[in-house]
Amino acid sequence: MSSLSATIQNVFNEPGCGKNANKSEAERKKGCTKQLQPGGAAGGCAFDGAKVALQPLADVAHLVHGPIACEGNSWDNRGAASSGSQLWRTGFTTDINETDVVFGGEKRLYKAIKEIIEKYDPPAVFVYQTCVPAMTGDDINAVCKAASAKFGKPCIPVNSPGFVGPKNLGNKLAGEALLDHVIGTVEPEVTTPYDLNIIGEYNLSGELWQVKPLFDELGIRISACISGDGRYKDVASSHRARAAMMVCSKAMINVARKMEERYGIPFFEGSFYGIQDSSDSLREIARLLVERGAPADLLDRTEAVIAREEAKAWAAIEPFKQRLTGKKVLLITGGVKSWSVVAALQEAGMELVGTSVKKSTKEDKERIKELMGQDAHMIDDMAPREMYKMLKDAKADIMLSGGKSQFVALKAAMPWLDINQERSHAFMGYIGMVKLVAEIDKAIYNPMWAQLRKRAPWETASNTWQAKAIAQANAEAAALAADPVAAEAARRAKKICHCKSVDLGTIEDAIKAHALNDVAGVRTHTNASGGCGACAGRVEDILARVSAPAELLQAAE
Amino acid sequence: MSSLSATIQNVFNEPGCGKNANKSEAERKKGCTKQLQPGGAAGGCAFDGAKVALQPLADVAHLVHGPIACEGNSWDNRGAASSGSQLWRTGFTTDINETDVVFGGEKRLYKAIKEIIEKYDPPAVFVYQTCVPAMTGDDINAVCKAASAKFGKPCIPVNSPGFVGPKNLGNKLAGEALLDHVIGTVEPEVTTPYDLNIIGEYNLSGELWQVKPLFDELGIRISACISGDGRYKDVASSHRARAAMMVCSKAMINVARKMEERYGIPFFEGSFYGIQDSSDSLREIARLLVERGAPADLLDRTEAVIAREEAKAWAAIEPFKQRLTGKKVLLITGGVKSWSVVAALQEAGMELVGTSVKKSTKEDKERIKELMGQDAHMIDDMAPREMYKMLKDAKADIMLSGGKSQFVALKAAMPWLDINQERSHAFMGYIGMVKLVAEIDKAIYNPMWAQLRKRAPWETASNTWQAKAIAQANAEAAALAADPVAAEAARRAKKICHCKSVDLGTIEDAIKAHALNDVAGVRTHTNASGGCGACAGRVEDILARVSAPAELLQAAE
Amino acid sequence: MAKVTIGKKACAVNPLKMSQPIGGAFAFLGLRGAMPLLHGSQGCTSFGLTLFVRHFKEAVPMQTTAMSEVATVLGGYENVEQAILNIHKRQKPEIIGICSTGVTETKGDDVDGYIRLIREKHPELASYPLVYVSTPDFKDAFQDGWDKTVAKMVEVLVDKPTSTRRDPARVNVLPGCHLTPGDIEELRTIIEDFGLEPSFLPDIGGSLDGHIPDEFTPTTIGGIGLEEIAMMGSASWTIAIGAQMKRAAEAMQVRTGVPYRLFERLCGLLPNDELMTFLSEISGRPVPAKYRRQRGQLADAMLDAHFHIGGRRLAIGAEPDLLFDVSSMLHEMGAQVAVAVTTTQSPLLERMPCDEVLIGDLEDLENLAKARDCALMMTHSHGRQAASRLKIPFYRIGFPMFDRLGAGHLLTVGYRGTRDLIFALANLIIADREDNHQPTPDTWLDPWAEAQQAPSPDSAVVAPLH
Amino acid sequence: MAKVTIGKKACAVNPLKMSQPIGGAFAFLGLRGAMPLLHGSQGCTSFGLTLFVRHFKEAVPMQTTAMSEVATVLGGYENVEQAILNIHKRQKPEIIGICSTGVTETKGDDVDGYIRLIREKHPELASYPLVYVSTPDFKDAFQDGWDKTVAKMVEVLVDKPTSTRRDPARVNVLPGCHLTPGDIEELRTIIEDFGLEPSFLPDIGGSLDGHIPDEFTPTTIGGIGLEEIAMMGSASWTIAIGAQMKRAAEAMQVRTGVPYRLFERLCGLLPNDELMTFLSEISGRPVPAKYRRQRGQLADAMLDAHFHIGGRRLAIGAEPDLLFDVSSMLHEMGAQVAVAVTTTQSPLLERMPCDEVLIGDLEDLENLAKARDCALMMTHSHGRQAASRLKIPFYRIGFPMFDRLGAGHLLTVGYRGTRDLIFALANLIIADREDNHQPTPDTWLDPWAEAQQAPSPDSAVVAPLH
């Protein structure tokens with residue numbers, strides 16, 4: 001087993017991963033590499049994930065070993081912010097050619113490292129492996145080792161070629177590279193009882209700086225942020241921090257957990273999206289630091305800051321209430337954001353008419369129900385046309401989502417706000433949440449929408465494309481309503497597991513036929529949830545709905 | 001006689017003016033106000049001239065008392081440069097309305113001065129009179145006096161409403177305002193034996209700074225530049241300078257002469273256009289300063305600087321020789337520039353195929369002949385179409401002129417370089433002349449011209465507009481050649497005096513009929529040269545040609 | 001409804017306004033073979049001439065009656081007569097357009113009377129096209145000079161129709177002075193694409209679009225010809241663009257009975273929808289596919305750009321029609337027109353999409369933009385100093401634009417023109433953010449101060465629409 | 001004749017180049033109802049997709065065969081099959097365009113063979129339009145991917161003509177990948193104005209011009225339809241734009257006998273004169289008045305702008321055809337193309353209007369621009385960092401342009417496009433002079449050093465013309 005395979009296996013065993021907790025030992029070994037469906041996949045590869053996770057390390061050179069596609073098509077495309085060195089925004093690639101493919105590219109890679117060190121003298125060079133040299137057998141670990149020795153400068157191999165899996169696997173492989181080659185390699189010059197690591201935060205749009213002034217006020221020192229506005233030396237010496245916050249994305253849970261294992265740094269999962277979450281995170285940080293020896297007054301000081309900031313935030317949101325009360329928000333995002341921002345929106349008077357749960361965990365869903373009630377409209381994946389109909393039916397006033405769905409909303413003349421990675425606004429901490437509310441206000445009240453919803457002069461009421469889309473959807477619905485067989489077929493055709501392309505009917509049939517009562521059983525019989533595992537929640541819902549009544553039915557019979 | 005009339009009369013009496021020297025006492029009293037021809041005039045008014053002359057004074061507020069046209073249509077349109085305050089670029093105007101016209105605008109003017117002083121606190125406010133308030137009788141002298149007293153800040157009336165005459169009269173009226181109200185009102189804090197005034201230089205494109213480093217090197221101090229990059233205090237205390245250079249434009253000869261009269265400051269007319277002129281001017285400055293008490297070594301030091309700079313300039317021009325030798329230049333400009341730049345162009349190998357003499361003095365013409373030979377092609381005013389034909393006939397490679405004729409040259413796809421006021425390049429001193437040669441090289445060798453001279457696809461060789469223009473001109477010439485009567489009529493129809501619209505035939509007839517032998521006689525009989533006097537030179541040429549042979553003829557008979 | 005404020009200062013600082021005689025002269029520049037003649041001292045003409053030359057980068061014909069002090073006092077008959085005779089003899093224009101100035105209006109020259117006398121005295125001028133407009137400098141502004149002049153052209157140059165039959169394909173267009181030659185060309189193409197034949201009065205698109213002329217001529221090159229103007233009474237419709245043109249459109253209706261439709265704006269989605277609908281109705285033709293696509297492109301541009309333009313506070317200084325057009329479009333994109341400064345009265349002022357409109361100058365624009373923390377300034381080239389002092393991006397609109405090339409080709413009308421303007425503004429804002437507003441560790445040091453500056457939810461400007 | 005240098009560095013820094021599979025995929029985006037499919041790991045597609053989405057600000061269809069490590073080793077037949085089946089079933093495109101990538105080329109997947117097998121195995125796909133192009137990442141560049149793909153489209157999708165009769169009105173246009181949707185629309189209008197009916201292959205003008213679509217569709221919206229492509233053999237002429245398109249034009253000629261005319265450039269006065277002449281000849285119609293005026297406007301723009309552009313040293317980085325087009329135009333305006341960096345080989349390189357062309361990256365562009373004291377940088381958006389470090393104005397050309405709006409509407413072709421480009425560049429230079437190069441008392445403290453920097457009269461670039 002190659003070292004890469006071992007690393008991947010290692011990542012699969014991650015006990016800190018909520019998804020893994022649902023799997024048997026054997027299943028865990030199969031790994032969580034999403035088995036992507038040819039012709040039906042989207043999203044980045046493992047290389048992309050590794051680069052995304054590490055690139056915000058601002059002062060190192062990130063060298064991509066591969067053909068031009070991997071770096072040439074993607075460099076300098078992230079909105080992370082650095083307070084100093086901009087070297088991270090420099091694109092370095094070996095841009096391998098046919099000769100390198102045939103005869104191997106290790107020599108070119110070595111020379112490339114040399115050139116970089118000579119010209120840019122970074123504190124370290126991160127070398128990213130990609131598919132083609134992985135296939136031709138270029139050993140980047142060996143090259144990095146030789147280069148480190150020769151040039152006296154850490155050269156860090158990041159073994160995460162695209163084809164080993166999806167982006168989130170790449171995030172974790174990046175973490176492994178840090179654990180193996182960086183963290184703990186340098187001793188810090190000073191340490192304090194207030195030293196904190198932040199893991200999995202990329203400082204997009206500089207939003208860490210929305211929170212950092214509060215840390216500064218409390219005397220909490222960020223030993224290392226991995227990796228937003230990060231510096232090589234800080235990360236290398238981050239093993240002496242007293243506590244860590246793992247930002248909820250889970251992208252680097254392996255880093256947090258292994259640092260706890262190896263260096264005894266306790267961590268918690270937290271978020272600075274939303275007022276309550278911000279307060280919770282501050283509290284948790286203070287608690288962990290005090291537990292690890294910081295003076296106990298930190299707790300009180302933290303509470304005082306929280307009280308002040310919450311009061312200011314709610315006061316700042318207050319004036320928007322009158323304008324936003326009753327406005328309906330559709331939230332299409334992932335993980336914690338599906339509920340963490342809800343409280344602030346509700347406080348500003350808004351109503352959540354739906355939230356996506358495609359990437360949500362069970363706990364996420366519980367929180368949603370808690371906040372939005374049992375009737376919370378939880379949305380799985382949906383096609384653009386369906387989304388449009390949903391927007392119209394739900395009479396939403398605005399959609400908050402990531403860039404992927406923006407064009408659907410915008411082309412439908414719906415106010416839309418980016419709350420995912422590509423956004424140019426910073427929404428973290430207390431001020432960030434106020435900014436979010438203000439931006440929603442701005443988007444909803446933009447007079448443009450009224451114009452864009454008007455018909456073009458050549459359109460009659462019935463031939464607008466919106467009308468046509470709605471009419472088509474309605475016609476389909478009517479046809480289904482009139483034809484129960486077709487309706488049932490359509491219901492059963494709903495895709496549950498996207499990785500393995502398993503539909504609802506197949507799962508229902510399997511549950512009934514084999515009297516299944518857990519996800520593992522469904523997986524065995526239908527292959528559903530055999531990919532990324534994200535649909536496990538959906539399968540559980542089906543199990544709850546189908547198997548229980550089936551038993552009742554049997555009992556009744 | 002109003003004070004304005006007196007001032008104008010005063011200006012007419014200017015003994016320093018070369019043109020005046022040609023006039024009788026009575027004629028001089030008639031003044032040199034160009035009697036403009038309705039429907040046939042061009043150029044600015046006296047107000048324009050006054051503003052142009054004073055506006056480069058950078059730290060004062062220039063307030064225009066009049067309707068919006070005078071300032072609103074013209075502000076911030078000059079390329080003078082300031083090394084500090086930019087207040088001179090701020091447009092101030094009373095923008096008088098109908099009420100002010102009916103009831104008088106003095107109150108508004110007074111308030112305007114007050115507002116300016118309160119908001120901008122300039123060292124002085126210059127108040128420009130314009131036609132409308134001059135007609136309605138607003139007394140700006142009185143207002144300025146009252147305001148000066150009230151606000152303890154010099155308010156300088158510049159009495160030069162547009163309708164009193166052309167731009168060049170305005171220049172001189174501006175000078176009178178300085179003489180009456182500014183110069184000599186403040187004593188300088190320090191004086192040195194090297195203090196020099198520069199008069200009539202506007203620092204367009206910052207070109208004074210092309211020469212100033214040489215002054216600095218020689219220890220020569222510019223007490224005041226009137227008015228380029230000028231400061232109120234410097235001008236007010238400029239009466240203590242040891243010598244003055246009057247820049248050849250003659251715009252402010254009255255200032256130079258009266259400062260000599262009043263304060264004993266000797267002056268010379270000089271120019272920094274051209275290498276020889278630059279050297280001559282430096283020499284003259286040194287000579288005057290030494291005469292006034294500066295240590296004599298200044299002369300040697302000046303010669304050393306001149307020798308060094310000339311050598312560098314000629315060396316810098318040298319490499320252009322190969323490329324520019326034989327290139328033909330047409331020079332359409334006024335005054336000294338018609339010959340002062342010629343030497344440098346010739347040194348770079350270029351050939352002057354024509355130079356305009358419309359505004360040239362007799363001495364200017366002598367210099368031209370000296371430089372270009374007796375056959376020098378001296379050009380009077382010409383119509384655009386004629387200019388085009390001339391360009392073609394002379395096979396010129398480039399035209400140097402002011403902005404006015406640029407469109408003719410450019411539309412004819414002729415390289416053209418602005419050497420007048422609107423230019424963005426600085427051409428003063430030694431480096432300026434090299435820059436001029438370099439710019440000529442750049443213009444001539446621009447590959448664009450070849451393209452622009454090509455025919456459009458829909459044009460045949462004979463239907464290009466250029467061909468048509470040439471053909472028309474040729475046809476006219478041929479028609480005239482075939483018809484001696486018409487040719488003679490055309491020859492005689494040539495306008496000699498533009499102010500009074502007198503043609504060649506009329507003048508010839510008068511000379512012959514009355515056996516005239518001087519300009520005054522011609523003026524008496526034909527009114528020619530009764531306006532601005534610029535055509536006196538042309539009339540002299542005609543006298544030389546017509547009257548002499550006539551006498552010879554008589555003698556021969 | 002905007003509050004209209006008239007500046008109270010005795011001293012205008014950094015004028016926004018230009019004088020009405022040159023607005024009138026500008027209108028004459030849109031006639032073929034014309035020579036504008038300002039009745040005043042020579043500076044009145046030379047300043048105006050310089051403005052036009054620097055804006056269009058073209059030789060521009062314009063003459064003066066060259067009034068001297070004495071002539072001004074005695075009255076300008078002789079100067080007017082001599083000027084007309086000289087111009088008629090030398091430049092041989094097809095028409096001379098005469099505008100008065102402050103000097104001659106102060107004296108009270110009766111130029112209409114002069115012209116009658118001149119025609120009597122010089123039979124060769126009896127029916128020579130001479131159009132005179134009274135345009136004192138000390139009243140009104142550039143835009144007023146244009147609109148008065150066009151109305152006068154209609155009254156003097158358009159023949160009364162001899163029959164009631166109208167040509168259904170012919171359309172008169174009376175464009176405001178805020179349209180560029182590029183705008184005129186765009187409108188010409190649009191109207192022609194509906195199979196209609198437009199006559200533009202004036203037609204600066206034909207005369208000042210910066211082409212290389214076929215010959216040297218001392219008068220205007222291109223522009224609408226007198227015979228075409230004379231025939232305008234036989235058109236089926238008049239389209240007037242900008243509220244300023246109502247006067248001329250009504251003059252046309254009174255004189256010829258041709259009905260008119262006034263388009264106050266042609267920048268923005270809905271105004272162009274209205275234009276398309278109108279052209280489709282009067283031509284009986286469907287809207288060409290080209291414009292259907294362009295509408296989609298504009299809508300898409302609005303969506304792309306609203307993230308950047310929405311919520312921005314803008315300071316705009318322009319003459320009333322241009323101010324209304326551009327600020328309405330930007331308001332409709334969610335921008336806040338926080339400062340609006342204009343030059344002269346107009347029925348539009350109260351309908352400006354902002355709280356207050358000030359008849360003022362660029363000092364006002366600058367001070368208000370600073371006080372109200374505006375993110376972008378739009379005005380003519382003279383705003384450059386103010387924008388640079390405030391360190392905010394600057395977009396040049398209106399006349400004059402002397403410090404950049406291509407003024408004549410700027411486009412704001414039509415779906416395409418609106419689209420390009422929106423992109424240009426959004427890109428300016430994006431560039432400014434990149435250059436000057438990147439987040440730093442200090443950005444949120446005092447976050448609640450920044451929160452105060454967030455677009456006030458109480459702003460009367462951004463009213464809810466649903 | 002320019003010297004062609006190939007960079008010798010082991011490490012490309014700040015790449016100028018993008019990969020050829022996405023160039024190929026881009027070509028498929030110009031077909032109606034198409035789905036481009038990259039045969040590789042999913043990152044190959046997602047990076048390309050992100051580039052297009054950020055450039056055009058549109059949802060863009062693009063799929064992946066999602067090769068895993070295991071599949072890569074075993075060969076990608078199953079993935080190709082499954083991808084085609086899935087796409088065919090779900091998105092139901094009219095055509096699937098497949099490009100290989102580095103991974104699958106390294107393994108040596110025989111995709112043509114796969115497709116034969118798939119067609120055999122799945123009768124419903126027997127004649128389903130599937131076009132495959134081999135485009136390994138480790139060879140060539142974006143432009144090559146496009147040109148190979150278009151050539152392949154011609155070979156696979158154009159019917160062999162059954163008769164020798166040609167439709168005199170029909171013209172094929174094969175545009176290079178350096179043309180924007182706006183360029184395509186401009187060319188369409190120009191060609192149609194001669195009464196000709198153009199078919200653009202590909203037609204990104206129809207698909208990526210940023211309009212709002214009539215319906216939600218998971219494939220391309222707009223673009224040329226398959227039936228129109230099939231009929232291209234009956235056209236009378238093929239117009240190829242950019243040297244890259246010679247391959248496709250020759251393929252068309254070989255397959256259908258349609259003669260072609262290659263226009264290497266369409267930016268600049270003379271190239272457009274040639275286009276006009278050609279269109280006039282093949283249509284038998286005179287050049288429309290509109291273009292006569294536009295030519296005059298361009299000539300005038302050149303005159304106005306040459307004062308600012310002439311003599312400037314420029315640094316330009318772009319793919320060969322775009323580099324040749326823009327740098328030739330600027331050279332003809334008197335600019336010095338002091339630095340030219342490109343991505344890939346082309347017969348044009350030796351003919352670039354400069355001393356040297358480097359196949360290199362943006363680090364080279366930056367270093368050379370600094371060494372040669374360039375006054376302006378032109379390249380794609382990734383040049384922003386370099387220009388900002390050098391503090392020189394930056395003009396975005398080519399793909400990608402992700403940090404500004406309106407990339408799809410930029411225009412460089414035609415008289416009008418050239419005119420607008422020239423104005424934009426001149427205005428950038430003017431603004432830079434105003435902001436950063438105003439004369440000060442210190443400007444000429446060391447004048448002779450500055451004189452040395454004056455454009456060298458010995459420059460081989462600026463050769464005398466007469």
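Note on naming: letters A, B, ... go to the chains in the order of the sequence lines (proteins, then strands), and numbering restarts at 1 for each one. Since the model is a prediction, treat every value here as computed from it, not as a measurement.
- Remark: C/E319 does not engage C/K17 in a salt bridge, criterion side-chain N to carboxylate O under 4.0 Å.
- Taking a cutoff of 4.0 Å between a charged side-chain nitrogen and a carboxylate oxygen, C/K139 and C/E105 do not qualify as a salt bridge.
- For C/M18, the parts lying near chain B are the backbone and the side chain together; criterion is any non-hydrogen pair under 4.5 Å.
- Between C/Y114 and C/H39, the ring planes lie perpendicular to each other; the angle is over 60°, past the 30° to 60° tilted range.
- Salt-bridge check for B/E118 with B/K114: passed, with a basic side-chain N closer than 4.0 Å to an acidic carboxylate O.
- Contacts of C/F47 with chain B are made by both backbone and side-chain atoms, with heavy-atom separations under 4.5 Å.
- With chain B as the partner, the residue from C/D140, C/I87, C/N79 showing the most heavy-atom pairs under 4.5 Å is C/N79.
- Using a 4.5 Å cut-off between heavy atoms, B/I113 does not touch chain C at all.
- Only one option out of C/S46, C/P400, C/S19 pairs with C/L51 in a side-chain contact (heavy atoms from CB on, under 4.5 Å); it is C/P400.
- Looking at C/Q385, only its side chain comes within 4.5 Å of chain B, counting heavy atoms on both sides.
- In this structure, chain C has heavy atoms under 4.5 Å from both the backbone and the side chain of B/N77.
- No part of C/E81 comes within reach of chain B, as not one of its non-hydrogen atoms sits under 4.5 angstrom from that chain.
- A salt bridge does not link C/D403 with C/R54: none of the charged nitrogens is closer than 4.0 Å to a carboxylate oxygen.
- The CG atom of B/N171 lies 13.5 Å from the NZ atom of B/K51; values are rounded to the nearest 0.5 Å.
- Neither the backbone nor the side chain of B/Y110 comes within contact range of chain C, judged by heavy atoms closer than 4.5 Å.
- Contact tally against chain B (heavy-atom pairs below 4.5 Å) for C/T72, C/L49, C/L16: the top residue is C/T72.
- Of the atoms belonging to C/T64, heavy atoms from both backbone and side chain fall under 4.5 Å from chain B.
- With respect to chain B, the highest number of heavy-atom pairs below 4.5 Å among C/K57, C/M67, C/E363, C/Q91 belongs to C/E363.
- A salt bridge is absent between B/E115 and C/K9: the closest approach of a Lys/Arg side-chain nitrogen to an acidic carboxylate oxygen does not fall below 4.0 angstrom.
- Taking B/G170, B/P67, B/G49, B/G66 one by one and counting their heavy-atom pairs under 4.5 Å with chain C, the maximum is reached by B/P67.
- In this structure, chain B has a heavy atom under 4.5 Å from the side chain of C/L362, while its backbone stays farther away.
- Contacts between B/K107 and chain C at a heavy-atom distance below 4.5 Å are absent for every atom of the residue.
- Between C/F399 and C/F142, the two ring planes are parallel [angle under 30°; tilted spans 30° to 60°].
- Considering every non-hydrogen atom in both C/M377 and C/A369, the closest pair reads CE-CB, 4.2 Å.
- Taking a cutoff of 4.0 Å between a charged side-chain nitrogen and a carboxylate oxygen, B/D95 and B/R108 do not qualify as a salt bridge.
- Contact count against chain B (heavy-atom pairs under 4.5 Å) is highest for C/H382 among C/M35, C/Q82, C/H382.
- Contacts of C/Q63 with chain B are made by side-chain atoms alone, with heavy-atom separations under 4.5 Å and no backbone atom involved.
- Among B/N97, B/D76, B/D48, B/V64, the residue with the largest count of heavy-atom pairs under 4.5 Å with chain C is B/D76.
- Contacts of B/F47 with chain C are made by side-chain atoms alone, with heavy-atom separations under 4.5 Å and no backbone atom involved.
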